[in-house]
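We name chains A, B, ... by the order of the sequence lines, and we start the count at 1 in each one. What you are looking at is a predicted structure, and each value in this text was computed from that prediction instead of being measured.
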Number of protein chains: 2
Amino acid sequence: MDILFKTFIDYFSTNYPLTDHTKAEICSHLSILNLDKKHILVKENQRHDFAYFVIKGAVRSYYLKDGIEVNTWFALENDMVGSLQNFQDNPSRETMELLEISTLISINLKQIKPLMFSNIQIAHFINAIIIEYALFLEDKIFFSQMMNSIDKYQILLEREPQLFQRVPLTYIASFLGISRETLSRLRAK
Amino acid sequence: MDILFKTFIDYFSTNYPLTDHTKAEICSHLSILNLDKKHILVKENQRHDFAYFVIKGAVRSYYLKDGIEVNTWFALENDMVGSLQNFQDNPSRETMELLEISTLISINLKQIKPLMFSNIQIAHFINAIIIEYALFLEDKIFFSQMMNSIDKYQILLEREPQLFQRVPLTYIASFLGISRETLSRLRAK
DNA sequence: ATGATTTTGTGACATTTGTCAAATGAAATC
DNA sequence: GATTTCATTTGACAAATGTCACAAAATCAT
């Protein structure tokens, strides 16, 4: 088994160990992708059969509101990229674009999903991913409701310092819901 | 089986039908509660073994930031009340309080959770709840990132008109992240 | 390397929102 | 039903943020 696949599978099977057979079955629906900066993984309003796991690189998600890009998140190493909209076979609400040359694992949702019903280990594996994702969402909401933008900026700086080295401030300002000028002034202090 | 339990169970087992035996097993960890206005279901920073499903009534969630209540959501009929923090046995980040005399189903998480590993139907049942919850969270984030507060107000008014009849505007303003005065002025138009 | 493009920073001003204070309206309690 | 409490509205002003314009700095592509 590819060492990168192993990283991914182990990452989500700490609570519920998988047999080698199940691991192999999961692997058969994974691929490794090496993609260039600015590559579009998922397009807004389109259905998409894959989710991704970032081995190396950075991804941003955004959607268009009145013609303006609203950035919604940035994924770095060991983060999942995708949404439950994809998993539920709904069109994506966001575009996801690489910010750097990246190495990703792609997960074929269309193929893996039906296995949930025949292999209970796979069911638990997928649940672990969904629970982690939902915890991440709860966190994101909690964070975003701390209204004061100075606080938001400082918390983001504490939690995800790498973002500020790897993601343009314009995108971060957009994510924080403030103009780039305001962010620039906050940083001046 | 109590008709109210049936409502709840059917609500989350449309994709994956349950045998009568499993339904009975789930029921044995459910109770019906009739509680008064202002009753506190869950306290901020405390662990809690239960989640709830609203049969009739209204619940608000809030946390304290610098001594001020920040309202995070309002649950009405057929909504779940709880968080993954509870499910994961972490302390709750929010207080949940009844806004009306309410009838709720309580779900004993501590008892039901281990059954996920012995009964695959229960695993799928719980997953259905978590997926619905995660979709709800995705929606909430998407909504909250539409920054303009007039838009937020109008979308909330379209989607959840009942809230404005049943929840004080002070709480709604707090949820929207604006002062009650600003909300009042938005409404004047 | 160098010119072009993108990103970031700064100033001036308009707009929005928050804050404080007070008045009105509605609802709960006795 | 009267009284108290709570919720909502309105006005005046201060503070924060957005917008526009432009300059400086960094990055990219040839």
Side-chain angles (χ1 to χ4, degrees), chain A residues 35-40 57-60 62 64-71 74 95 97-102 144-157 161-189, chain B residues 35-40 57-60 62 65-71 74 95 97-102 144-157 160-189:
Chain A
L35 296 169
D36 234 8
K37 193 168 169 169
K38 298 202 178 172
H39 180 93
I40 304 287
V59 185
R60 75 169 175 126
Y62 66 90
L64 290 180
K65 173 163 169 74
D66 305 329
I68 293 167
E69 290 179 4
V70 179
N71 287 266
F74 312 100
T95 296
E97 179 199 77
L98 299 194
L99 292 170
E100 305 173 357
I101 297 175
S102 306
S144 85
Q145 277 182 328
M146 297 175 163
M147 284 314 298
N148 189 325
S149 42
I150 303 157
D151 290 0
K152 279 198 207 175
Y153 169 73
Q154 284 182 339
I155 291 167
L156 194 65
L157 195 59
Q162 309 173 67
L163 283 186
F164 292 84
Q165 263 105 55
R166 296 167 69 181
V167 177
L169 290 174
T170 316
Y171 296 159
I172 294 179
S174 157
F175 166 70
L176 292 172
I178 58 182
S179 67
R180 25 195 183 109
E181 290 92 339
T182 302
L183 178 57
S184 179
R185 281 167 190 133
L186 289 181
R187 282 163 63 79
K189 302 182 200 171
Chain B
L35 296 168
D36 234 9
K37 195 168 167 169
K38 296 199 178 173
H39 179 93
I40 304 287
V59 185
R60 75 169 174 128
Y62 66 91
K65 173 165 170 72
D66 306 328
I68 294 167
E69 290 179 3
V70 179
N71 288 266
F74 313 99
T95 297
E97 181 199 76
L98 298 194
L99 292 170
E100 305 172 357
I101 299 175
S102 306
S144 87
Q145 276 182 329
M146 295 175 165
M147 287 313 299
N148 189 324
S149 41
I150 303 157
D151 289 359
K152 280 199 208 174
Y153 168 73
Q154 284 182 338
I155 291 167
L156 195 64
L157 194 60
E160 307 270 355
Q162 309 173 65
L163 283 186
F164 293 84
Q165 262 106 58
R166 296 167 68 180
V167 178
L169 290 174
T170 315
Y171 296 158
I172 294 179
S174 157
F175 165 69
L176 292 172
I178 57 182
S179 67
R180 8 185 199 122
E181 292 93 337
T182 302
L183 178 58
S184 178
R185 282 170 189 131
L186 289 182
R187 282 164 62 80
K189 303 182 201 172

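The CG atom of A/Leu163 lies 10.5 Å from the CG atom of A/Leu169; values are rounded to the nearest 0.5 Å. We find the OG1-OH distance between A/Thr182 and A/Tyr153 to be 13.0 Å, quoted to the nearest 0.5 Å. Between B/Leu183 atom CG and B/Ile150 atom CD1 the span is 11.5 Å, to the nearest 0.5 Å.
Put simply, the side chain of A/Ile178 reaches to within 4.5 Å of the side chain of A/Leu186, judged on heavy atoms. The shortest distance between side-chain heavy atoms of B/Glu97 and B/Ile40 falls below 4.5 Å.
Note: CD (B/Gln165) to C1' (C/dA26) measures 15 Å, nearest angstrom. When the P atom of D/dA7 is taken as reference, atom CG of B/Leu99 falls 11 Å away, rounded to whole Å. Counting to the nearest Å, the P atom of D/dA16 and the CD1 atom of B/Ile178 are 19 Å from each other. Whole-Å rounding puts the B/Leu186 CG to D/dT9 C1' distance at 13 Å. Atom CD1 in B/Ile172 sits about 12 Å away from atom C1' in D/dT8, given to the nearest Å. Nucleotide D/dT27 holds its C1' atom 15 Å from the CD1 atom of A/Ile101, rounded to whole Å. A/Glu100 places its CD atom 14 Å from the C1' atom of D/dT27, with the value rounded to the nearest Å. Atoms CG (B/Leu169) and P (C/dA27) sit 12 Å apart, rounded to a whole Å.
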Criterion side chain to side chain contact (heavy atoms under 4.5 Å, CB included) on A/Lys37 and A/Leu99, from CA distance to verdict: CA-CA 5 Å; A/Lys37 193 168 169 169; A/Leu99 292 170; 5.9 Å; no
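Comparing A/Leu183 and B/Leu183 by the nucleotide of DNA chain C whose heavy atom lies nearest to each, the residue mapping closer to the 5' end is A/Leu183.
Heavy atoms of A/Ser179 sit under 4.0 angstrom from at least one base atom. Residue B/Lys38 is classed as having no contact, given no heavy-atom separation below 4.0 Å to the nucleic acid.
Listed pair A/Thr170 / C/dT6 fails the phosphate criterion, with no side-chain N or O lying under 4.0 Å from OP1 or OP2.
Between B/Phe175 and B/Phe74, the ring-plane angle classifies as perpendicular under the 30° and 60° cut-offs.
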Look for any protein N or O under 3.5 Å of an N or O in nucleotides 10-12 of chain D and output each such pair with its distance, or none.
{"residue": "D/dG11", "atom": "N7", "partner": "B/Arg185", "partner atom": "NH2", "Å": "2.6"}
{"residue": "D/dG11", "atom": "O6", "partner": "B/Arg185", "partner atom": "NH2", "Å": "3.0"}
{"residue": "D/dA12", "atom": "N6", "partner": "B/Arg185", "partner atom": "NH2", "Å": "3.4"}

